[in-house]
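For reference, the structure is listed below as C-alpha cells.
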Amino acid sequence: MELLKKKDLTGSVFHIDEQLLSESAATDIGQIIQGQVPGMYVLTGSDAPGAEVQIQIRGISSIKGNVNPLIVLDGVPMPDNFNIGQLNPRDVKSLDVLTDASAAAIYGSRASAGVIIIASKRGETIGKPRVSYSYNRGFAQLTSSINTLSPEEFKLLLFEAVRNSAMENNYDRIESYPGYMAIMAPGFFGEANTEWMKLLMRTPSKQTHNFSISGGASEARYYLSFGYNENVGMLPNTKDEKYNLSLNVDMRPYKFLRTAISLKGDFGDNDINNQSLMTAASARPDLPAYNEDGSYYIHKYEYNNQTNYLSNPLVELQNENNRKTKNLYGSVSAEASIIRGMNLRAMFSYNYEDEKGRDYKPSTTYNGSASYTGQKGSLIETTTTSQKKELEATLSYAKALKKNMFDVVAGLTYTHRSRESCSIGFNDFPDDKIQTGLWQGANFAYKNGSSSAAVMFSYFLRLNYNYGGKYYFTGSVRRDASSSFARNNRYGTFPAIALAWNIAGENFLKDKSWLTLLKIRASWGLTGMASIGEYGWRAMFRSSEYLDKPAFIPKQIGNDDLKWESTEQYNLALDFGLLKRSRVTGTLGIYLKKSTDVLYPFTPAPSLGITANATVNLASIENKGIEFNMNARVLDGKNLRLELGFNISKNVSKITNLDREFRSSLTTSTLSNTVIQEGKTLGLFYGYKTDGIFQTQEEVDRCEALNADYPYQGVSKYDKTSPGDIKFVDLSGDGRVNFAYQSDEDKTVLGSSVPDFSGGVSLRASWKGFSLSVQGSFSYGNMKSWDGEGKQFNMSWSTPSNLLDIALKRWTPENPTSKYPKMKIENKLSSYFSDFYLHDASYFKIQNLNLNYSVPSKIVEKTGFVKSLDVSFSVNNVYTFTSYPGPNPESFSSNRIAGAAVDNSVYPMTRTFNVGARISF
C-alpha cells in the first residue's frame, strides 16, 4: 500500500523519520521508535541480549490474540510472532504507523492491533555503484548496582529472623527453638567473604558492522546489504549475535512492465543464562566459591536426616541455553501498465522461520545432576519451523478529471501458513563436553510436539477520492475467509470509511500565510482478529496412557459457534500546520475502539472432569483516548537548525459483557494478584490492603480482640501477629483478615498497571557539520509490583538465602518507624499479595542521545574515492527519572491480564556508550 502525503491523508498515519533510524546506535527498531508515535506504547522489558520489546497501539484490544501490531515489510504482511527487533535498522528506508481502523482495515483480520509498514532501502539510478560501510562499538555499565548483604549482615539478619520467630512461637528460651539450634550448629556458617556478583559480572559490550552497495540505471536498480550485530552480556555465556542479509532488485525490461525481487535473511544466535544471575543474587556470602585445590565448592548440609546441596553460581554458568533462529523472506512481483492509469500487479511471497533451542545442563550443575544424586547431565532440544506462502493480485486505476482525483484498487489474496514443533529430552550423557548430542543420552525423559496448518482467502476494494485538494473520501472493504473457524462463521467482513476537509484550502483562508494546513479527519472502520490457532474451533485429542495402554484424552473442546473477534473504531482528528513552510505541525485526535466477541481458551469447571479448554467468544473490550503531537522547527537557518517534537496520549479501557469475575488467568481458578472485572480496565491489581506496620503490642492486642474465634490476620489460631508485622486491613468488617485459600472477602482492587498517559519528546539540532539528536519517552500513573521486594524480609533457617541490601531497612525495636516489616523465618504474611509492595512506576527516560560530525565534503573528496565520512558518539538508555525502587519500571509479562503489573526482572538494565563511523565511496 502506497502512503499518501500528510495533506492528502484521511486516516491516522504517523511517519518515522529515516534519519532517526540511521543515526541511532540502538539495534532494535522497537527501542529506536519508543515514544515517537502518539498512541503507541513501547515497553523495552528486559535488557538481556536478544530480549524483545512489546508494542501496543491504542491499548490492548484482545486477551488471547496478538496485541503487537501487524508488521508489513515491503508490502508483505509478516507472521503474528514476527520480532521487529530482528530487522536491521540500517536497511529501513521508511517506517509508517497506522493507528486507526480506516488506515488499517485494508489488512482486515490481521490489523486490529494496528499496522507498522516498513519499506526497505532500494537501489537508485545513480550510475556508479555506491558503497557504504559503518562500524559501531559500545561498552555498557549498570544503571543501578545489585547490592547484597555482606557475610556479617547476612548472619545478623538470619539470627534476628530466628529470634523474632522464636518469640512469636512462645519459646521462653531461644536456645530451645529448632531454628536457633540449626544455625548455631558447628560448621553452619562459613568464614568466607564471597562477592558473588563481582565474580560473575563482566563489562558488557556491543559492536555492529553494516555494509551496503547500491546502484543501477533506468532499466535495473539494486541494493545489497550485510549487517552483523554482536551484543555480549554482563554474564559469561550470555551473548546475542544477529546476521542480516538483504537484496532488492528492481527492473523495467519493458516500458509497460516493472518487476521487483526482494530477498532477506535474518540469522540469530542467542545465549542466555538468567538462572545463574538469580542464583548469585541469593547465594550465601559466607560460603567460598572455590575449594583450596581450585575446584568449585559445593556446599553440603544435613536436613531431615537427608544430605542436601546448594548450587554454586559459578558452576551454574556452565549451563547451556542456546537459541538459533533462521528467518528467510522472499517476494517477487510484476506490475504491468494495461492502459494509462490502470495497472495490474501480482506478487508472491514466501516466509520461512526456523528456531532451534538447546538447553543442556552438565552433570556438574545442580539440575543436571538431579540435585547431585548422580545424574550425568540433561538435555532438551526444541525445533520449530513455520512457513507462510502468500499470493496477491491487484488491479488499480487512477484518474484525474479537472479537480476530481480518484484511485481505486481491487485485489485478491491467498495465504497458507503451517507450523511444526518438536521437543525431546534425554538424561545421562557420556561426558559434558563432546558427547552431548541428543542421540547420545542414555535415558529418555521428555517429548512433546505439534503440527498445524491453515489457509485464508481474501478479497478487498479501496477507493480514494479528493476534490480540489480540499475534500477527501476513502472507502474500503475486505472480506476474509479463515479455516480456523467452523463453516458457518468462516467469513469476516471489514469495511472502513474516512472523510477529510482541508479547511486551509478554502478561499477564505488562502491568504493566511501563517496557516499552511488545517484539516479535519473523521473515520470509522472494522478490523478483526483470528489468532486462535489453526484449529481453534475443532475438538482435538492428544495421546496418553490408561492402565498402561495407549489412549487418547481431550486436548481441546470443539466450538462450532466460534466467531471472529472484531474491533470497531471511530476516529476524529485535526491536523494543523503553522507559519511559513509549516514550521509548526501537529495533530490532535480522539478515538473510540470497541472489540467484541473477544477470543479466549476457557477452561471449564474441574467438576466436569475435563482438563481441556474450549476457545470461546468471552467478552468485549472498549478503548477510548486522546492523542496530541507537535513538531516545531524553532531555528531554521542555513547553518543552525533546531527542531523539537512532543507527543502525549491517554487511553482508557474497560471490559464489558462479562458473565462473572476472573482472576489472574482465565485458564485457572486460582486467586492471584490480578483480576478482570466488568466495567474496569485490564491490568488491575487484586489483593489485600495494608495500613503500615504494627508498631506496638498494644496495637496488636486491639486488633486481636476484634474476633474471639480467629486471629486478626491468619488462617489458624497458630498464626501469630506481633510488632514489626505488616498490618492488613479487614475490609469485610468481621474482625479478621481472611487469608483462607480461594477466599476473597478481604481482597479488593489495589490499582492499575495501565498508565494515565504516556508519550515522548525529541530534539534535533545541527550546526554546520555537527548534529545532535535526543529522544525520550515517559509514562505516568501506572503502578507496578516489585516481585523481589516481598522476598527480602523472609528467611529460612534450613536453606537461608542472601538478600538485597533493602533488607537492612527492616523494622526493629530500635527502628520502630521503619516502613518495612521485621525479619522472620518462613514469614507467611510476605506471601500474601498486597499494596505494600506496589509502587508508582511513572518514569521519564532519555533513551537515545547521538552526536554526529560530518567531515566537510571538500576535505573527503581530496582522497579521490571517499564521498562522505561521518563519526559519531552516542548513548543508549541514558537515564531514567523514576521513584520506582525496583529493577525496571518498563518490565512486562506475557500474561495479557497481568500486562506490565509485576516486575519479575532478573537481568539488570545497562547504559551503553558507543562510538562509530560511516563512510561512503
Side-chain angles (χ1 to χ4, degrees), residues 3-9 11-24 32-42 94-97 99-100 500 502-505 509-521 572-591 625-650 757-780 844-852 854 874 878-879 881:
L3 294 177
L4 305 173
K5 295 181 180 179
K6 188 173 183 64
K7 72 179 185 66
D8 297 326
L9 290 173
S12 181
V13 180
F14 292 92
H15 178 72
I16 297 294
D17 188 0
E18 176 191 354
Q19 189 174 353
L20 176 65
L21 297 168
S22 63
E23 67 190 7
S24 176
I32 297 174
I33 64 177
Q34 183 184 26
Q36 302 308 299
V37 176
M40 185 173 72
Y41 189 45
V42 180
S94 66
L95 189 150
D96 296 275
V97 182
T99 61
D100 75 340
N502 183 13
I503 307 174
L509 288 178
K510 277 191 174 181
D511 59 345
K512 307 296 184 182
S513 60
W514 55 270
L515 184 64
T516 57
L517 176 65
L518 183 64
K519 184 172 67 174
I520 296 177
R521 293 184 283 108
L572 180 64
L574 175 70
D575 299 324
F576 61 87
L578 306 175
L579 306 179
K580 289 184 178 180
R581 294 186 294 164
S582 295
R583 290 183 60 173
V584 178
T585 60
T587 299
L588 174 65
I590 57 176
Y591 63 87
I626 183 170
E627 301 167 347
F628 175 74
N629 76 289
M630 186 171 69
N631 292 278
R633 297 198 307 276
V634 181
L635 300 174
D636 198 18
K638 181 179 180 181
N639 293 322
L640 180 61
R641 295 184 178 183
L642 174 63
E643 183 176 349
L644 302 177
F646 171 78
N647 74 82
I648 187 171
S649 60
K650 178 180 178 64
F757 56 82
S758 61
V761 296
S762 64
L763 177 150
R764 178 173 286 113
S766 63
W767 178 71
K768 295 185 176 181
F770 292 93
S771 63
L772 172 70
S773 65
V774 182
Q775 294 84 43
S777 61
F778 60 86
S779 175
Y780 178 81
F844 173 73
K845 181 177 74 169
I846 304 174
Q847 69 243 34
N848 294 311
L849 182 151
N850 184 80
L851 178 63
N852 186 82
S854 298
S874 63
V878 182
Y879 193 81
F881 300 88

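Treat the numbers as computed from the prediction; the structure is a model and nothing was measured.
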To the nearest 0.5 Å, what is the distance between [atom1] ([X]) and [atom2] ([Y])?
{"X": "Phe881", "Y": "Phe778", "atom1": "CZ", "atom2": "CZ", "value": "14.0 Å"}
{"X": "Leu644", "Y": "Met630", "atom1": "CG", "atom2": "CE", "value": "8.5 Å"}
{"X": "Ser762", "Y": "Glu643", "atom1": "OG", "atom2": "CD", "value": "7.0 Å"}
{"X": "Phe770", "Y": "Leu772", "atom1": "CZ", "atom2": "CG", "value": "11.5 Å"}

Looking at [X] and [Y], would you say the former's side chain and the latter's main chain have a donor-acceptor pair under 3.5 Å?
{"X": "Thr587", "Y": "Asn629", "answer": "no"}
{"X": "Ser649", "Y": "Gly39", "answer": "yes"}
{"X": "Arg641", "Y": "Gly637", "answer": "yes"}
{"X": "Asn647", "Y": "Gly35", "answer": "yes"}
{"X": "Ser22", "Y": "Gln19", "answer": "yes"}

Check: Sequence neighbours excluded, which residues qualify as ring-ring contact (aromatic ring centres under 6.0 Å, His included) partners of Phe757?
Finding: Tyr780
Contact between [X] and [Y] at the side-chain level, heavy atoms closer than 4.5 Å - yes or no?
{"X": "Met40", "Y": "Ile33", "result": "yes"}
{"X": "Ile520", "Y": "Leu572", "result": "yes"}
{"X": "Asn631", "Y": "Val584", "result": "no"}
{"X": "Gln36", "Y": "Leu20", "result": "yes"}
{"X": "Ser94", "Y": "His15", "result": "yes"}
{"X": "Leu518", "Y": "Leu574", "result": "yes"}
{"X": "Asp636", "Y": "Arg581", "result": "yes"}
{"X": "Pro38", "Y": "Phe14", "result": "yes"}

Notebook entry, point to check: Which pair of heavy atoms, one from Ile32 and one from Ser24, lies closest together, and at what distance?
Noted result: CG1-OG, 3.7 Å
Next item on the list: Grab the two heavy atoms, one from Ser779 and one from Tyr41, that are nearest each other, plus how far apart they are.
Entry: OG-OH, 3.2 Å
Next item on the list: Run through Thr585, Ile503, Asp575 and flag the one making a side-chain contact (heavy atoms from CB on, under 4.5 Å) with Leu517.
Entry: Asp575
Check: Run the side chain to side chain contact (heavy atoms under 4.5 Å, CB included) check on Leu578 and Leu515 step by step: do they pass?
Finding: CA-CA 5 Å; Leu578 306 175; Leu515 184 64; 3.8 Å; yes
Item checked: From CA spacing to verdict: side-chain hydrogen bond (donor to acceptor under 3.5 Å, both in side chains), Ser12, Tyr591 -> CA-CA 10 Å; Ser12 181; Tyr591 63 87; over 6 Å; no
Check: When you look at Arg521 and Asp100, which way does the salt bridge (Lys or Arg N to Asp or Glu O under 4.0 Å) test go after all the steps?
Finding: CA-CA 11 Å; Arg521 293 184 283 108; Asp100 75 340; 5.0 Å; no
Check: Could you go step by step and tell me if Val37 and Ile16 meet the side chain to side chain contact (heavy atoms under 4.5 Å, CB included) rule?
Finding: CA-CA 8 Å; Val37 176; Ile16 297 294; 3.5 Å; yes
Note to self: Considering only residues two or more places apart or on different chains, which pairs with a residue in residues 763-779 satisfy salt bridge (charged side-chain N to carboxylate O under 4.0 Å, His left out)?
What the structure shows: Asp17-Arg764, Glu23-Arg764
List, one per line, each side-chain donor-acceptor pair under 3.5 Å for residues 844-851, sequence neighbours excluded.
| unit_1 | atom_1 | unit_2 | atom_2 | d |
| --- | --- | --- | --- | --- |
| Lys845 | NZ | Gln34 | OE1 | 3.0 |
| Lys845 | NZ | Glu890 | OE2 | 2.8 |
| Gln847 | OE1 | Ser777 | N | 3.1 |
| Gln847 | OE1 | Ser777 | OG | 3.2 |
| Gln847 | NE2 | Gln34 | O | 2.6 |
| Asn848 | OD1 | Asn876 | ND2 | 2.9 |

